[in-house]
Peer 1: 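Before I ask anything, here is the structure I am working with.
Proteins come first, then strands; the chains are lettered A, B, ... in the order of their sequence lines, and each starts at number 1.
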Amino acid sequence: MKIYNTLTKKKEDFIPIEENKVKMYACGPTVYNYFHIGNARPFVFFDVVRNYFEYMGYQVTYAQNITDIDDKIINKAIEDNSSFKEIAKKYIKAFQDDTQKLGIRNPDFQPKASEVIGEIIKLIKELEKKGFAYEVEGDVYFSVESFKQYGKLSGKKIDDQKAGARIEANINKKHPADFTLWKKAKPGEPTWNSPWGKGRPGWHSECVVLSQKYLQSESFDIHGGGVDLVFPHHENENAQAEALSNKPLANYWMHNGFINIEGEKMSKSLNNFFTARDILKEYNAEAIRFFFLSKHYRSPIDFNREIMQESDTAVKNFYSVLKSIKYKAIDLKQDYSPELIKKKAEFIKAMDDDFNTAKALSVMFDLVRIIKSSKDDELFSQEAGNLLVELGGVLGFFQDIENILTNDLGDLSEKLLSILIDIRNDAKKNKNWILSDKIRDDLLKEGIQLLDTKDGTKWEKK
RNA sequence: GGCGACAUCGCCAAGUGGUAAGGCAGAGGUCUGCAAAAUCUCCACCCCCAGUUCGAAUCUGGGUGUCGCCUCCA
């Protein structure tokens, strides 16, 4: 398996630290708002990464933090005339609801920054003791000059940056690029006691502490997040960890590309934000998933109505072909037929190549075509259906398969439905098109689609 | 200014030296009272120029264009 590693800027063979085990960590949300479609991309993508490792027989431990101490949360609390804690609580709940609706499995660990303040203080003390950090009037900074490998992840050289590039002017800092580890308390802010007085941790320490704690090691396999986190967040995380352990925090650093909205960068000033919550009202979760996976994770991707519509149609096609063969999960006594083994191998090859999900999806469409062209061979088409569901499952599709494949009518009676179909057929014989169309249209409104086929009128749930 | 990514059909997208997958949309046929669904068929020399090579979308150089990071924004 090959993974593009931001640290080396190359695709590399994936070699886990412990055989057959993967320890991965992805940066989670800052809980000050409903998360948007751009935030959703890494959540979905790393969910797929985890699935795929499991599919390939790895034992995966996946941890993700929740940032519940942050300026943005404090500001939001002031804005809403609410408390810091209430805001965090509200949006943690929203985060969990929305990821669940998106069909994203919960990580094995999902700790909050506020749970490990003591450990963060310990980390900062250690950095200070070893000369990587210094205190100025209650603030503690990491000294980038003390860690000679600073910049190794992002490829930035600290002295190279243009003087004009905006770097916070702060006379207390020894070097303009030094970043905050501990912030002195300001009035009205949540604070904790520390050796440097009351204050709160900066953003970059929590991920170091949480990842090492929950993955139970100084250095783990995969660290992921959006490209924007490469610098400064991940650079700074790594600097803290590696300064102390002489090992990179993670061996492989994976970063997903951004999402644009109709060709433009998502931004507050353009007011082109879409929350996952809002999009879920219009499109189903698997259409959103298809949209993310239809392009390689490192590429930028454009969000627009047309694409979402296409994604929606594409996913429906997966289901409709399964419906057409009345798919039922079968227990395979032996391995797949040679033609299907080949398709499975293609899928694995695509995913092994740095998670080429777009290519993997095309294998699913191949299977759709195979199923369509082999409907006469019931056993084989069911077998192909099995593989489609198996591979789709790795990508996180078919979560709703039971519900969609059954023709449960709920409060509509099946008998009444067949009576209506009879009446409509009589009307058709008498060329009473007004009545027959009314029945067809009204049923469609109830989610029942009539299909006039050669073998008579059939129906299916939409 | 520094660092980096990308440019393939109307849209999305695979392809990494051997003569352009797939999806959506579209066109036409079958089926139908009409429609939907289904089904069959059709639909690209790969941003430009030069080079390497028997052979390049794929490699090299140069253009042009788009985008990202350098701001605690995934």
Peer 1: Rounded to the nearest Å, what distance is computed from the CD1 atom of residue Ile325(A) to the P atom of nucleotide U39(B)?
Peer 2: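 Atom CD1 in Ile325(A) sits about 13 Å away from atom P in U39(B).
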
Peer 1: In whole Å, what separates the C1' atom of U58(B) from that of A7(B)?
Peer 2: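 One C1' to the other, the span is 14 Å.
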
Peer 1: Taking the same atom, P, in C48(B) and in A56(B), what whole-Å distance lies between them?
Peer 2: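 Result for the P pair: 15 Å, nearest Å.
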
Peer 1: When rounded to the nearest Å, what value does the distance between P atoms of U71(B) and C3(B) take?
Peer 2: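 16 Å, rounded to whole Å.
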
Peer 1: Mind checking the P distance from A13(B) to C31(B)? Whole angstroms is fine.
Peer 2: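 My reading of the P atoms in A13(B) and C31(B) gives 39 Å.
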
Peer 1: Could you pull out the protein-nucleic contacts involving nucleotides 21-25 of chain B (nitrogen or oxygen on both sides, under 3.5 Å)?
Peer 2:
from   : atom 1 : to        : atom 2 : distance (Å)
G23(B) : N2     : Glu310(A) : OE1    : 2.8
C24(B) : OP1    : Asn317(A) : ND2    : 2.7

Peer 1: Establish, from distance only, whether the side-chain atoms of Thr457(A) and Asp452(A) form a donor-acceptor pair under 3.5 Å.
Peer 2: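 Present: a donor and an acceptor within the cut-off.
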
Peer 1: Let's test this: given Watson-Crick or G-U wobble pairing with both distances under 3.5 Å, identify the partner of C69(B).
Peer 2: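 G2(B) is the nucleotide pairing with C69(B).
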
Peer 1: Can you find a donor-acceptor pair, distance only, under 3.5 Å between Arg440(A) side chain and C34(B) base?
Peer 2: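 Between C34(B) and Arg440(A), which were checked side chain against base, a qualifying N/O pair under 3.5 Å is present.
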
Peer 1: Watson-Crick or G-U wobble partner for C47(B), using a 3.5 Å limit on both distances?
Peer 2: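 Because both required distances fall under 3.5 Å, C47(B) counts as paired with G63(B).
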
Peer 1: Find out whether the Lys NZ or Arg CZ of Lys156(A) is both under 6.0 angstrom from the six-membered ring centre of Phe231(A) and within 45° of the ring's axis.
Peer 2: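 Because its charged atom sits under 6.0 Å from the ring centre and within 45° of the axis, Lys156(A) does stack over Phe231(A).
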
Peer 1: With a non-hydrogen cut-off below 4.0 angstrom, is Gly257(A) in contact with a base, only sugar-phosphate, or nothing?
Peer 2: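 Since a base atom lies under 4.0 Å of Gly257(A), the category is base.
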
Peer 1: Rounded to the nearest angstrom, tell me the gap between atom CG in Asn75(A) and atom C1' in C72(B).
Peer 2: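 After rounding, the gap between these two atoms is 12 Å.
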
Peer 1: Taking the nucleotide of RNA chain B with the closest heavy atom to each, which residue, His296(A) or Tyr4(A), is nearer the 5' end?
Peer 2: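 This one resolves to Tyr4(A).
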
Peer 1: How is His36(A) classified with respect to the nucleic acid when contacts are heavy atoms under 4.0 Å: base, sugar-phosphate, or nothing?
Peer 2: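 Contact class for His36(A): base.
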
Peer 1: Please give, in whole Å, the distance from C72(B) P to Asp70(A) CG?
Peer 2: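 About 11 Å, once rounded to whole Å.
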
Peer 1: Measure CG/Leu153(A) against C1'/C70(B) and give the value in whole Å, please.
Peer 2: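 For the pair Leu153(A) CG and C70(B) C1', the rounded distance is 14 Å.
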
Peer 1: Using a 4.0 Å heavy-atom cut-off across all strands, classify Gly38(A) as base, sugar-phosphate, or nothing.
Peer 2: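 The answer is base, as Gly38(A) lies within the cut-off (heavy atoms under 4.0 Å) of a base atom.
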
Peer 1: Is there side-chain contact between Thr275(A) and Ile37(A), with heavy atoms separated by less than 4.5 Å?
Peer 2: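 Result no, sub-4.5 Å side-chain heavy-atom pair not found.
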
Peer 1: Give a yes or no on this: more than 12 heavy atoms of other residues, nucleotides or ligands lie within 6.0 Å of atom NZ of Lys438(A).
Peer 2: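 It does not: Lys438(A) NZ has 12 such atoms or fewer within range.
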
Peer 1: Measure CH2/Trp459(A) against P/A36(B) and give the value in whole Å, please.
Peer 2: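 It works out to 22 Å between those atoms.
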
Peer 1: Describe the nucleic acid contact of Ile259(A) in one word from base, sugar-phosphate, nothing, applying a heavy-atom distance below 4.0 Å.
Peer 2: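 Since a base atom lies under 4.0 Å of Ile259(A), the category is base.
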
Peer 1: Can you figure out which of C70(B), A74(B), G33(B) approaches the side chain of Ser436(A) most closely?
Peer 2: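 Out of C70(B), A74(B), G33(B), the nucleotide with an atom closest to Ser436(A)'s side chain is G33(B).
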
Peer 1: What distance, rounded to whole Å, do you find between the two C1' atoms, one in G1(B) and one in G18(B)?
Peer 2: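 Their C1' atoms lie roughly 44 Å apart.
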
Peer 1: Using Watson-Crick or G-U wobble geometry with both distances under 3.5 Å, which nucleotide pairs with G33(B)?
Peer 2: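 Looking at the geometry, G33(B) pairs with no nucleotide.
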
Peer 1: Using both distances under 3.5 Å as the test, list the Watson-Crick or G-U wobble partner of A25(B), or none.
Peer 2: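 Pairing partner, where one exists within any strand: none, as none qualifies.
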
Peer 1: Taking only the C1' atom of each, what is the distance from C45(B) to C40(B) in whole angstrom?
Peer 2: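 Result for the C1' pair: 27 Å, nearest Å.
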
Peer 1: Under a 3.5 Å cut-off for both contacts, is A20(B) paired Watson-Crick or G-U wobble with anything, and if yes, with which nucleotide?
Peer 2: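 Answer to the pairing question: none, since A20(B) forms no Watson-Crick or G-U pair.
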
Peer 1: For nucleotides A5(B) and C9(B), find the distance between their C1' atoms and express it as a whole number of Å.
Peer 2: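 About 24 Å, rounded to a whole number of Å.
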
Peer 1: With respect to the side chain of Lys372(A), which nucleotide from A37(B), U39(B), A74(B) is positioned closest?
Peer 2: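 Closest nucleotide among those given: U39(B).
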
Peer 1: Can you figure out which of C12(B), G2(B), A38(B) approaches the side chain of Ser320(A) most closely?
Peer 2: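 Minimum distance to the Ser320(A) side chain belongs to A38(B).
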
Peer 1: So for Asp437(A) and G33(B), does any side-chain atom that can act as donor or acceptor lie under 3.5 Å from a complementary atom in the base?
Peer 2: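 Looking at the base of G33(B), it does pair with a donor or acceptor on the side chain of Asp437(A) (distance under 3.5 Å).
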
Peer 1: How would you label the contact of Ile307(A) with the nucleic acid (heavy atoms, under 4.0 Å): base, sugar-phosphate, or nothing?
Peer 2: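 Contact class for Ile307(A): sugar-phosphate only.
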
Peer 1: Take atom P in A50(B) and the same atom in A44(B), then report the distance between them in whole Å.
Peer 2: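 Straight-line distance between the two P atoms is 26 Å.
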
Peer 1: May Trp433(A) be described as stacking on the base of G33(B), applying a 5.5 Å centroid limit and a 30° limit on plane angle?
Peer 2: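 The ring of Trp433(A) is stacked on G33(B).
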
Peer 1: If U53(B) has a Watson-Crick or G-U wobble mate with both distances under 3.5 Å, name it; if not, just say none.
Peer 2: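 No nucleotide pairs with U53(B).
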
Peer 1: Quickly work out the Phe231(A) CZ to A74(B) C1' distance and round it to whole Å.
Peer 2: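 Value for this atom pair: 17 Å.
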
Peer 1: Under a plain distance cut-off of 3.5 Å, with no hydrogens placed, do His36(A) and Asn39(A) share a side-chain donor-acceptor pair?
Peer 2: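 The answer is yes; a qualifying pair exists.
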
Peer 1: Tell me the interatomic distance from Glu189(A), atom CD, to C72(B), atom P, rounded to whole angstroms.
Peer 2: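 To the nearest whole Å, that distance equals 16 Å.
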
Peer 1: Between His204(A) and His234(A), do the side chains contain an N or O donor and an N or O acceptor separated by less than 3.5 Å?
Peer 2: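 Per modelled atom types, His204(A) and His234(A) side chains form no pair under 3.5 Å.
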
Peer 1: Could you state the CG-C1' distance from Asn260(A) to C11(B), rounded to the nearest angstrom?
Peer 2: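 These atoms are roughly 16 Å apart.
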
Peer 1: For residues Asp352(A) and Lys2(A), determine if any side-chain heavy atom of one lies less than 4.5 Å from a side-chain heavy atom of the other.
Peer 2: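 Asp352(A) does not reach Lys2(A) side chain to side chain.
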
Peer 1: With no angle test and no hydrogens, is the base of A36(B) tied to the side chain of Asp452(A) by a donor-acceptor pair under 3.5 Å?
Peer 2: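 There is none.
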
Peer 1: Under 3.5 Å, is there a donor-acceptor pair between the side chain of Arg298(A) and the main chain of His255(A)?
Peer 2: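 Flag not set: sc Arg298(A) to bb His255(A) has no pair under 3.5 Å.
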
Peer 1: Let's go through Phe179(A) and Gln240(A) carefully: what are the C-alpha distance in whole Å and the side-chain angles of both, what is the deciding distance for side-chain contact (heavy atoms from CB on, under 4.5 Å) to 0.1 Å, and is it a yes or a no?
Peer 2: CA-CA 11 Å; Phe179(A) 58 91; Gln240(A) 293 170 75; 3.9 Å; yes

Peer 1: Select from Thr453(A) and Leu229(A) the residue whose nearest nucleotide in RNA chain B is closer to the 5' end of that strand.
Peer 2: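 In this pair, the answer is Thr453(A).
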
Peer 1: Does A13(B) have OP1 or OP2 under 4.0 Å away from a side-chain N or O of Lys295(A)?
Peer 2: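 Checking Lys295(A) against A13(B): at least one side-chain N or O falls below 4.0 Å of OP1 or OP2.
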
Peer 1: Does Lys10(A) qualify as a cation-pi partner of Tyr4(A), given the criterion of NZ or CZ under 6.0 Å from the six-membered ring centre and within 45 degrees of its axis?
Peer 2: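 Verdict for Tyr4(A): no cation-pi partner in Lys10(A).
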
Peer 1: Less than 4.5 Å apart, side chain to side chain, heavy atoms only: is that true for Ile78(A) and Ile74(A)?
Peer 2: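 Side-chain contact under 4.5 Å: yes.
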
Peer 1: At under 4.0 Å, does any side-chain N or O of Asn356(A) touch on OP1 or OP2 of A13(B)?
Peer 2: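 Answer is no, no contact under 4.0 Å.
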
